[in-house]
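One structure is given below, encoded as structure tokens.
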Amino acid sequence: MFPTKPTLKFTYLTLTLLLLFTFNYVSYGSEVVSDNDDLDGIEELLAVDDELELEPKVSGGDVKLSEAEVLTKAQRIVIELNNDNTERVINGNEFVLVLGYAPWCARSAELMPQFAEAASLLKELGTPLLMAKIDADRYPKSASVLGIKGFPTLLLFVNGTSQQYSGGFTAHDLVLWARKKTGTPVIRISSVTEADEFLKKHHTFVIGLFDKFEGQEYEEFVRAAKSDNEIQFVEVSKFEVAQVLYPDIKITDRFLGLVKGEPERYTTYDGAFVTNEILEFLGYNKFPLVTELTEMNAIKVYSSPVKLQVLVFANVDDLKNLLDTLQDVARTFKSKIMFIHVDINDENLAKPFLSLLGLEESKNTVVAAFDNGMSSKYLLESQPTRSNIEEFCNNLVQGSLSPYFKSQPIPDNTEASVHVIVGKTFDDAILSSKENVLLEVFAPWCINCEATSKQVEKLAKHYKGSNNLIFARIDASVNEHPKLQDVNDYPTLLLYREGEKANPIKLSTKSSLKELAASINKHLEVQNHVAKDEL
Ligand SMILES: *[C@@H]1O[C@H](CO)[C@@H](O)[C@H](O)[C@H]1NC(C)=O
């Protein structure tokens with residue numbers, strides 16, 4: 001009935017961000033667009049025609065294609081699905097990766113060139129995968145049969161049965177994922193030359209060294225390569241080849257290591273060769289020391305197994321100055337804390353977090369932590385120096401940080417008939433004060449709050465100087481306190497009786513002024529009785 005406060009827990013944040021960053025799910029009525037049967041035939045002809053044009057015709061070395069031309073060419077490799085050909089294409093091919101899009105959808109437009117480039121790369125690699133796209137706005141029936149419910153949607157059809165896409169969204173990510181799911185989960189590197197070539201193109205990969213590419217452990221490795229959605233796996237059997245890819249390698253017979261394109265380049269795996277354990281190792285170690293949060297990686301970041309996350313909100317220059325420090329600290333807390341940089345000027349990314357801290361307007365670097373498992377938040381309230389950040393992280397890991405609660409600055413209440421309470425003064429002014437307090441909890445956007453505020457003001461005048469009773473109010477949209485966490489409806493009136501502060505009495509906000517006064521009298525008298533009885 002009443003507007004309720006957004007839950008201030010991290011789960012809320014996760015949800016918000018998921019909504020923000022997952023593809024915009026826009027439902028479209030399947031009857032809205034007519035089927036355009038006449039056009040479909042032409043479209044299909046065109047699509048097939050384009051497909052036939054794929055073979056490179058330009059052989060002269062002096063003819064250079066512009067980037068746009070390359071893209072157009074790549075786009076042609078993608079088959080255009082429509083009402084006539086969809087079923088045939090999906091059921092007639094072992095692997096089809098389908099992109100469902102809408103012409104007006106910006107995210108679709110962003111993905112389209114990546115998709116086309118991936119198609120072109122996959123063709124070069126000789127992958128047995130067909131890339132297809134469908135304008136779901138124009139062909140809603142076919143799109144709906146395929147199970148496309150929003151834009152953009154990526155689905156992989158294997159012999160006609162679909163599975164959700166779970167990789168990244170650059171052309172490279174698409175290629176990697178597609179290869180993993182269509183039979184090439186691991187690249188074999190047999191010579192030092194091949195290894196050198198590979199390194200020119202890849203910065204992040206998993207290397208497995210095996211005597212022979214067979215046996216239980218090798219199979220577990222390949223299974224991990226298939227299950228993982230984003231890292232290229234390579235296998236080698238010669239130690240000198242392994243050394244090129246992983247110079248630190250000491251073990252000569254059977255080895256697994258993760259290589260990343262960042263200061264923390266090499267991570268050696270020392271667990272058993274069991275698929276799930278390998279995947280867990282990757283989950284904990286695949287992120288760089290400091291991950292830059294983007295719309296593309298947000299979901300990956302939130303679903304990281306590392307639940308303690310330190311977020312640094314800073315502009316690009318400030319981050320530059322802080323990066324070495326952060327990387328050093330991150331190294332100390334590797335696989336315990338995930339370090340994330342958020343561009344403080346990026347409204348979409350930074351605001352949802354900063355508003356949880358009441359710091360939406362901050363221009364200075366903010367260091368905060370979230371315990372994704374416990375739904376708690378923490379704020380570094382001192383300067384973001386190396387030692388302060390280190391101490392903050394130490395306490396975070398040990399569980400000895402106090403959760404952060406939002407608060408406005410402490411106000412001056414000397415002249416106020418209704419005292420303004422903020423997060424920071426809640427303890428002193430309410431919980432440990434020697435007075436009875438009637439507290440009005442409100443939010444600025446709540447429609448019914450104003451009437452209640454007026455009543456509280458009248459009551460404050462009425463009771464002025466009597467009953468040891470103070471009137472107060474707190475704006476719950478910008479102030480938090482653990483004892484207020486369960487208050488979700490506004491306005492709420494809470495009567496805190498002296499000696500009984502742990503159990504405030506909720507007064508009805510629908511009562512008349514008289515009824516309110518009567519119930520205040522009743523409750524305060526009851527308390528007096530108890531006090532007398534105890535004497
Ligand atoms: C798809 O079907 C064909 C023919 O039945 C079969 O040989 C192939 O293994 C199937 N592919 C997958 C990935 O299951």
Side-chain angles (χ1 to χ4, degrees), residues 1-9 403 405-408 410-535:
M1 270 180 58
F2 298 109
T4 53
K5 158 174 81 174
T7 316
L8 296 158
K9 294 181 175 159
F405 293 94
K406 284 200 282 195
S407 177
Q408 288 175 296
I410 296 175
D412 179 6
N413 278 320
T414 41
E415 300 289 322
S417 61
V418 178
H419 290 196
V420 175
I421 307 296
V422 297
K424 284 178 193 158
T425 57
F426 193 92
D427 279 329
D428 286 349
I430 296 188
L431 297 183
S432 49
S433 80
K434 291 276 172 272
E435 287 120 355
N436 302 301
V437 184
L438 183 84
L439 179 70
E440 174 203 351
V441 187
F442 74 99
W445 34 259
C446 132
I447 319 158
N448 299 295
C449 285
E450 204 175 310
T452 302
S453 292
K454 288 208 173 104
Q455 284 188 319
V456 170
E457 261 152 41
K458 284 182 188 151
L459 287 169
K461 283 203 184 103
H462 176 73
Y463 282 96
K464 197 169 181 204
S466 62
N467 286 54
N468 193 29
L469 178 60
I470 302 279
F471 288 80
R473 68 162 57 111
I474 186 165
D475 179 348
S477 71
V478 280
N479 294 287
E480 295 169 349
H481 190 277
K483 287 280 185 306
L484 279 184
Q485 270 177 323
D486 296 333
V487 179
N488 289 314
D489 286 346
Y490 307 123
T492 291
L493 286 177
L494 295 170
L495 181 60
Y496 289 86
R497 293 165 303 166
E498 207 259 301
E500 292 270 355
K501 293 290 173 80
N503 301 304
I505 296 166
K506 205 167 167 175
L507 303 184
S508 168
T509 51
K510 298 204 187 75
S511 313
S512 69
L513 207 55
K514 265 201 181 133
E515 287 166 337
L516 275 176
S519 93
I520 291 171
N521 289 344
K522 187 184 89 188
H523 289 302
L524 293 184
E525 266 166 30
V526 167
Q527 187 207 10
N528 289 344
H529 272 303
V530 174
K532 270 175 207 146
D533 288 347
E534 280 171 359
L535 281 177

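What's counted below: heavy atoms across the whole structure, side chains too, no hydrogens, waters or symmetry copies. Numbers for residues simply follow the sequence, beginning at 1. Values in this document were obtained by computation on a predicted structure and should not be read as measured data.
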Which pair of non-hydrogen atoms, one from [X] and one from [Y], has the smallest distance, and what is that distance?
| X | Y | value |
| --- | --- | --- |
| Pro411 | Val420 | CG-O, 3.3 Å |
| Ile474 | Gly423 | CD1-N, 4.3 Å |
| Ala429 | Val437 | O-CG2, 3.9 Å |
| Leu494 | Pro504 | CB-CB, 4.2 Å |
| His523 | Arg497 | O-CD, 3.7 Å |
| Leu438 | Leu507 | CD1-CD1, 3.5 Å |

Open item on the list: With side chain to side chain contact (heavy atoms under 4.5 Å, CB included) as the test, pick out the partner of Thr509 among Thr492, Thr452, Asn448.
Closed with: Thr452
Measuring from [X]:[atom1] to [Y]:[atom2], what's the distance to the nearest 0.5 Å?
| X | Y | atom1 | atom2 | answer |
| --- | --- | --- | --- | --- |
| Asn436 | Phe471 | CG | CZ | 9.5 Å |
| Ile470 | Ile430 | CD1 | CD1 | 10.5 Å |
| Leu469 | Leu524 | CG | CG | 6.0 Å |
| Arg473 | Leu493 | CZ | CG | 10.5 Å |
| Asn503 | Tyr496 | CG | OH | 10.0 Å |
| Tyr463 | Asn521 | OH | CG | 3.5 Å |

Open item on the list: Apply side chain to side chain donor-acceptor pair (under 3.5 Å) to residues Lys406 and Ser477 and explain how you reach the verdict.
Closed with: CA-CA 9 Å; Lys406 284 200 282 195; Ser477 71; over 6 Å; no
Task: Donor-acceptor pair between Asp475 and Tyr490 side chains, under 3.5 angstrom - done: no
- [ ] With sequence neighbours left out, write down each residue that passes salt bridge (charged side-chain N to carboxylate O under 4.0 Å, His left out) with Lys454, or none if nothing qualifies.
- [x] Glu450
Task: Main-chain N/O of Ser432 paired to Lys501 side chain as donor or acceptor, under 3.5 Å - done: no
Task: Test item: Glu440 side-chain N/O and Glu457 main-chain N/O as donor-acceptor pair under 3.5 Å - done: no
Does any part of the side chain of [Y], heavy atoms only, come nearer than 4.5 Å to the side chain of [X], both counted from C-beta?
| X | Y | result |
| --- | --- | --- |
| His462 | Leu513 | no |
| Cys446 | Pro491 | yes |
| Lys434 | Asn468 | no |

Open item on the list: Would His481 and Asp427 count as a side chain to side chain contact (heavy atoms under 4.5 Å, CB included) here? Give the steps.
Closed with: CA-CA 9 Å; His481 190 277; Asp427 279 329; 2.9 Å; yes
